[in-house]
Amino acid sequence: LGQFYQQKRDDFRLKMKNSRFELLPCEGTYFQLASYAAISDENDVDYAKRLVLEHGVATIPLSVFNANGEDRKMLRFCFAKDELTIIQATEKLCMI
């Protein structure tokens, strides 16, 4: 199972290489952390909402996991999806 998700991670990261998102290293998870600081000054909750409304891509804002709500302009992308979903999402994200 680990190899299965590693391949999905590698595929997601490859497809995102031309995006403006800064992908952080990730291991042992099916979430990819990414900074959007170079793209927007919005707080992470608002930016995550805008990604859904304007681009149809759902993400998880990281501040919701911080006890103090600290916003580091970071999102979590789940790559445990089928291949078509990953392709469609990364194509949209690379156009931002």
Side-chain angles (χ1 to χ4, degrees):
L1 192 59
Q3 181 64 30
F4 174 79
Y5 284 116
Q6 182 176 336
Q7 182 60 46
K8 286 194 167 287
R9 178 204 62 199
D10 294 347
D11 188 43
F12 179 83
R13 291 179 63 89
L14 181 64
K15 286 177 172 47
M16 289 289 287
K17 72 178 179 183
N18 294 320
S19 79
R20 294 172 54 206
F21 292 89
E22 178 188 348
L23 303 181
L24 280 67
C26 71
E27 293 183 22
T29 181
Y30 47 84
F31 292 104
Q32 172 64 62
L33 293 182
S35 171
Y36 65 90
I39 301 170
S40 175
D41 288 330
E42 291 173 87
N43 69 57
D44 62 353
V45 173
D46 289 342
Y47 191 67
K49 287 178 186 177
R50 190 156 67 89
L51 283 177
V52 170
L53 295 173
E54 294 180 11
H55 303 282
V57 177
T59 65
I60 304 163
L62 222 53
S63 68
V64 299
F65 297 105
N66 298 331
N68 63 359
E70 181 183 4
D71 177 17
R72 297 180 186 164
K73 308 287 184 248
M74 303 282 289
L75 299 171
R76 279 186 0 166
F77 293 97
C78 179
F79 53 78
K81 306 289 181 183
D82 64 68
E83 185 175 351
L84 181 59
T85 299
I86 295 293
I87 291 169
Q88 292 172 336
T90 54
E91 286 176 351
K92 292 174 184 180
L93 292 167
C94 285
M95 292 192 309
I96 294 174

Exercise. Got a sec, which pairs hit ring-ring contact (aromatic ring centres under 6.0 Å, His included) with one end in residues 23-45, sequence neighbours left out?
Worked result: Y5-Y30, Y36-Y47

Exercise. Residues in salt bridge (charged side-chain N to carboxylate O under 4.0 Å, His left out) with K15, at least two apart?
Worked result: D11

Taking atom [atom1] of [X] and atom [atom2] of [Y], what is their separation to the nearest 0.5 Å?
| X | Y | atom1 | atom2 | value |
| --- | --- | --- | --- | --- |
| L51 | L75 | CG | CG | 6.5 Å |
| K8 | F79 | NZ | CZ | 9.5 Å |
| L23 | L33 | CG | CG | 9.5 Å |
| T90 | R13 | OG1 | CZ | 13.5 Å |

Single-linkage hydrophobic cluster [X]~[Y], side-chain heavy atoms < 4.5 angstrom:
| X | Y | result |
| --- | --- | --- |
| V52 | V57 | no |
| I96 | I86 | yes |
| V45 | F65 | yes |

Name all residues meeting the side-chain contact (heavy atoms from CB on, under 4.5 Å) criterion together with [X]; count only those two or more places apart in sequence or in a different chain, and write none if there are none.
| X | result |
| --- | --- |
| L14 | K17 |
| D10 | Q6 |
| D41 | none |

Can you pull the side-chain hydrogen bond (donor to acceptor under 3.5 Å, both in side chains) pairs that have at least one residue in [range], sequence neighbours excluded?
| range | result |
| --- | --- |
| residues 60-84 | D44-S63, E70-R72, D71-K73, D82-T85 |
| residues 18-29 | none |
| residues 52-62 | R50-E54 |

Exercise. Would you find more than 12 non-hydrogen atoms of other residues, nucleotides or ligands less than 6.0 Å from K92 atom NZ?
Worked result: yes

For this session: Tell me, please, which residues at least two apart from F77 pass ring pair (Phe, Tyr, Trp, His ring centres under 6.0 Å).
Result: F12, F21

Problem set entry | CA sep, side-chain torsions, deciding dist, call: M95, E91, side chain to side chain contact (heavy atoms under 4.5 Å, CB included) | CA-CA 7 Å; M95 292 192 309; E91 286 176 351; 5.9 Å; no

For this session: Check side-chain hydrogen bond (donor to acceptor under 3.5 Å, both in side chains) between S35 and all other residues, then give those that pass, not counting sequence neighbours.
Result: none

